[in-house]
Every structure is written in C-alpha cells, then in structure tokens.
Amino acid sequence: MCGVAPARESVGVIEVCELTKRFGAATAVDGLSFHVRPGRVTGFLGPNGAGKSTTMRMMLGLDRPTSGHVRIHGLPYRRLRDPLRTVGSLLDAGAVHGGRTARAHLRWLARSNRIAERRVGEVVERTGLGPVADRRAGTFSLGMAQRLGIAAALLGDPAVLLLDEPVNGLDPEGIVWIRTLMRELAAEGRTVLVSSHLMSEAALTVDHLIVIGRGRLLADSGTDEFLARHAPAPTSASAPGRSPGSERMPAAPLEEAFLRLTGESVEYRSGGTGGEGR
C-alpha cells in the first residue's frame, strides 16, 4: 500500500509507510502507515505516550526510523532542496535562544534558509507578535513562545505544516486564533497535520482523523465516518454531507468515540508502560 506516487500526485502529501521506531527493547512506533493530504486539517490524535511526537520527529528527519519511511512531496525530508520552504513545523516552542529577540530569531532563520527578509514582518503581523517582536525570547510567556514557534513554521510560506500541540499555553483568544489560522491554511490548499490529545480542540478544528495508540494505527477516516463507526450512539454530527469549514461536530461525541476506540484496544489494557513513545 506504500508505493511511490508520481511526482505530480505527491505535492503536499505526507506518506508514512510501515514506520517503526524502537528504543532498545521498547517500540515507540509500530508498523505505522497513513497518508496526509492537502486542503484539510488532519488531526493526529492519541493518548499521551501513543507515539505522536516520535512519528513527527521522524517526519522531519530528527529521528531515524528503525524501519519504514516517511516521504513529503515524494522525498525524505533530508532530500528536500529547501526544507523550511517546503515544511513548516512546531515541535518545541522553547527551542529558541533566550537572548535573541523574536525578530532577530526570525531574521536568522530567514537568512540561513534563503528566505526573503520581508517574510519576517509578514509572519510577525500574522501571528500577533508585533508588540513583543523586539523583546528577548527568554522573557516570553508560554503562549507568546508558541506564537513565535508558529511564526517560524510559517516563515518559508510552506505547503506542509506539522504542528505538535499548537494550543499549548495559549489563552482563550489565542486558541480561537490558532483554530482559525489552521482552517485558513488548509483552505489555501496546504497540508496541515496537527497533533493533539484534546478532543475538544479536535472537534472544533479538524476535518480528518488519524488515531494511534502504542504506536499503531487505530483509525484513519473523516470525522463523520469516525463518529459513525465509534460513537456509542448516533448523533447529529455524524450525518453525512458535512463539508470542511461547515458546522463542526460537538466535542462530547468525539471524545466518547475516541475513548471507546482506545479503551477497547488491547494496547490500553496492557498493564505495563513499556513501548510507549511520545
């Protein structure tokens, strides 16, 4: 199921094929396969320790798979000619030199990746960093650090966005802002993969769901189909015909469906914690 797609069909597509990652005797990701496609917000869901962050690190070439592969635009991340202009990512908002200002950090990223400096002002404006752009990043609240991380992800105007828990640390206004931003980016035809363990946020944001547990794929479907298969009772949100951007599903049915799926999985009845990755 993991054949190489023609180049014209792989633009914006993330292909994860039989991906496995072991740390000694522990298996963090176990034979994982799925595709993420452009034009929609895809939620990458699972309990803490399910392997989401490890998978995203392998997507970005930060961890080497034990076996299997990830391709973006039909290529491994390390072979992309201009990685930051192809893939924008937010994995760790704290990974910024605390002595640099936000603007200086973004300028350094732009220069080192052959990105026009005008993009610095554009992403500062889009992420609401204007009032604090000339402050040192080490003085930022967690919410402002998240905004700086998102600004860095957007800097190269990439076709693919990988966001790991992007609402972490944001206040209610910031949470609404990132929801809206992700929908806008998908509507522009970009590929948006957002990792989360918060069902309330997924219910309000995503169009497609990839659910993993103990590093294995549990579900890969549209939100309506997911609810129809796993919700304990029919809901109005599971009615067919809901298009991306229309009224979102209620949070409670999605949370119930998620808990039903993961709770019934053999993976979660195991008494031990070995083999769980982030």
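Because only heavy atoms are used, hydrogens play no part in the values below, and waters and symmetry mates are left out as well, while side chains stay in. No experiment lies behind these values; they were computed from the predicted model shown.
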* Asked: Going through the checks in order, is the side-chain contact (heavy atoms from CB on, under 4.5 Å) test met by L254 and F226?
  -> CA-CA 8 Å; L254 178 61; F226 182 83; 3.7 Å; yes

* **Euclidean distance, L209 CG relative to L227 CG, rounded to 0.5 Å** => 8.0 Å

* Trace of the side-chain contact (heavy atoms from CB on, under 4.5 Å) decision for L19 with T55 -> CA-CA 8 Å; L19 194 66; T55 300; 4.1 Å; yes

* Listed once per pair and sorted, the side-chain hydrogen bond (donor to acceptor under 3.5 Å, both in side chains) pairs that draw on residues 128-143, sequence neighbours left out -> R103-D134, R135-T139

* Asked: In terms of the angle between their ring planes, are H105 and W108 parallel, tilted or perpendicular, with boundaries placed at 30° and 60°?
  -> parallel

* Asked: Is the shortest side-chain N to carboxylate O distance from R214 to D30 below 4.0 Å?
  -> no

* To do: Would you check if the side chain of T42 reaches a backbone N or O of L193 as a donor-acceptor pair within less than 3.5 Å?
  => no

* Asked: H35 and R37: side-chain donor and acceptor closer than 3.5 Å?
  -> no

* Tell me, yes or no, whether the heavy-atom count around H97 atom NE2, taken from other residues, nucleotides or ligands under 6.0 Å, exceeds 12. => no

* Calculate, to the nearest 0.5 Å, the distance between atoms CZ and CZ belonging to R114 and R81 respectively. => 6.0 Å

* Asked: How about L45 and S196: do any of their side-chain heavy atoms sit closer than 4.5 Å?
  -> yes

* Asked: When hydrophobic residues are tied together by side-chain contacts of less than 4.5 Å, even through go-betweens, does M182 share a cluster with V176?
  -> no

* Cluster link I178 to L142, ILVMFWY, side chain under 4.5 Å -> no

* Are L62 and V160 joined in one hydrophobic group, where the rule is that I, L, V, M, F, W and Y side chains link up if heavy atoms are under 4.5 Å apart? -> yes

* Asked: When you measure from the side chain of D207 to the backbone N and O of V41, does any donor-acceptor pair fall under 3.5 Å?
  -> yes

* Asked: What distance separates L32 CG from I210 CD1, expressed to the nearest 0.5 Å?
  -> 8.0 Å

* Asked: Which heavy atom of P38 sits nearest a heavy atom of G189, and at what distance?
  -> CB-O, 3.3 Å

* To do: Identify the heavy atoms of K52 and P47 that sit nearest to each other, and give their distance.
  => NZ-O, 3.3 Å

* Side-chain heavy-atom pair L204, R183 within 4.5 angstrom cut-off -> yes

* To do: Please name all residues satisfying side-chain contact (heavy atoms from CB on, under 4.5 Å) with E125, sequence neighbours left out, ordered by chain then number.
  => none

* Non-hydrogen atoms of F140 and A102 that approach each other most closely -> CZ-CB, 3.8 Å

* Which value, rounded to the nearest 0.5 Å, describes the distance between R79 atom CZ and R71 atom CZ? -> 8.5 Å

* Asked: Backbone N or O of A202 within a donor-acceptor pair of the T205 side chain at under 3.5 Å?
  -> no

* To do: Using a strict cut-off of less than 4.0 Å between a Lys/Arg side-chain nitrogen and an Asp/Glu carboxylate oxygen, indicate whether E122 and R126 qualify as a salt bridge.
  => no

* To do: Would you please test D220 and H208 for side-chain contact (heavy atoms from CB on, under 4.5 Å) and show each step?
  => CA-CA 8 Å; D220 181 357; H208 193 89; 2.7 Å; yes

* Contact summary for T54 and F23, nearest pair of heavy atoms -> CG2-CE1, 4.2 Å

* Asked: How far apart are the closest heavy atoms of L90 and A153, and which atoms are they?
  -> N-CB, 4.5 Å

* Asked: Does R190 reach the main-chain N or O of P158 with its side chain, forming a donor-acceptor pair under 3.5 Å?
  -> yes

* Is E201 reaching over with its side chain to a backbone N or O of E165, donor-acceptor style, under 3.5 angstrom? -> no

* Counting N and O atoms only, with roles assigned by atom type, does the side chain of R119 sit under 3.5 Å from a partner on the main chain of L155, one being a donor and the other an acceptor? -> yes

* To do: Measure the OH-CD1 distance between Y77 and I14 for me, rounded to the nearest 0.5 Å.
  => 12.0 Å

* Is it true that a side-chain atom of T27 and a backbone atom of R22 form a donor plus acceptor pair closer than 3.5 Å? -> no

* Structure fact -> Nearest heavy-atom approach of V167 to I175 is CB-CG1, 4.1 Å

* Option passing side-chain contact (heavy atoms from CB on, under 4.5 Å) with V123 (candidates L154, L148, L129) -> L154

* For D164 and F44, run side-chain contact (heavy atoms from CB on, under 4.5 Å): C-alpha distance rounded to whole Å, both residues' side-chain angles, the deciding distance at 0.1 Å, then the answer. => CA-CA 9 Å; D164 191 6; F44 190 33; over 6 Å; no

* How long is the span from the CG atom in L185 to the OG1 atom in T180, to the nearest 0.5 Å? -> 10.5 Å

* **Beyond-backbone contact of P166 with V194, side-chain heavy atoms, under 4.5 angstrom** => yes

* To do: Flag the pair V87 / L60 as yes when at least one side-chain heavy-atom distance between them is below 4.5 Å, and no otherwise.
  => yes

* Mind checking what makes salt bridge (Lys or Arg N to Asp or Glu O under 4.0 Å) contact with E173, not counting sequence neighbours? -> none

